[in-house]
Structures are given as C-alpha cells and as structure tokens.
Amino acid sequence: ALKYLKNATLPPPPADFKVAGKQQVKLATSKGDIVVELDAKAAPLHAKSFAYLTSKKFYDGIVIHRYEPGFVIQAGDPLTKNSKYED
C-alpha cells in the first residue's frame, strides 16, 4: 500500500489559493449528484483545503465508504481510487 501513498498525497494549498464567502461544490456519484456548500468564513482552513483538493481532482474516482441517510457521508480515502468496489 505504501507505493500508492506516493500518488495519494498533495502539498498543502498555496498561500495565494483563496476561497471567499460561500462556495458550492458538486460531487458527481454513481447514485446522483450531491451539492455541498463550503463556508470560508466559518471554516476557512477546511474550505480552502477541500476546494484546493477538489481543484486538483484529488477526490476523483474514490469510494464513498459510509452513508447514513440524514446524518453523514464519509469518503476521501485516496487508496480507494478506481477500485472495483460495488454496493
């Protein structure tokens, strides 16, 4: 698994990468689209990191590994990229 980690990491967002106010991001899934809103005022570092990783296509091809309706969706493990997992 360590050989995959080399391709699964990115440096932090550059200082000049800005996310202002609220920004929407669309997540396209095999079960339909999900729209999330980033709030840079309430969570500036999280919004910046998520927007930056999205712009670098870091999340493309990953598996959503937990879904609890009305509560949480968990994903983001780069080691699941392009896996053969099916629900």
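Throughout, numbering of the chain's residues begins at 1 and tracks the sequence.
A pairwise comparison of heavy atoms in P13 and S49 identifies CG-CA, 4.0 Å as the closest pair. Contact detail for A40 and A47: the closest heavy-atom pair is CA-CB, 3.8 Å.
Side-chain atoms of K18 come within 3.5 Å of backbone N or O of A15 as a donor-acceptor pair.
Remark: D33 pairs with K26 by the salt bridge (Lys or Arg N to Asp or Glu O under 4.0 Å) rule, at least two apart or across chains. When the side-chain contact (heavy atoms from CB on, under 4.5 Å) test is applied to A51, the partners found at least two apart in sequence or on another chain are F17, V19, Q23, L38.
To the nearest 0.5 angstrom, I34 atom CD1 is 8.0 Å from Y67 atom OH. The line from CG of L53 to OH of Y59 is 4.5 Å long, rounded to the nearest 0.5 Å. Atom CD1 of residue I64 and atom OG1 of residue T80 lie 9.5 Å apart, to the nearest 0.5 angstrom.
Residues L45 and V36 are members of separate hydrophobic clusters, defined by side-chain heavy-atom contacts under 4.5 angstrom among Ile, Leu, Val, Met, Phe, Trp and Tyr.
With contacts defined as side-chain heavy-atom distances shorter than 4.5 Å, the pair P12/Y52 does not qualify.
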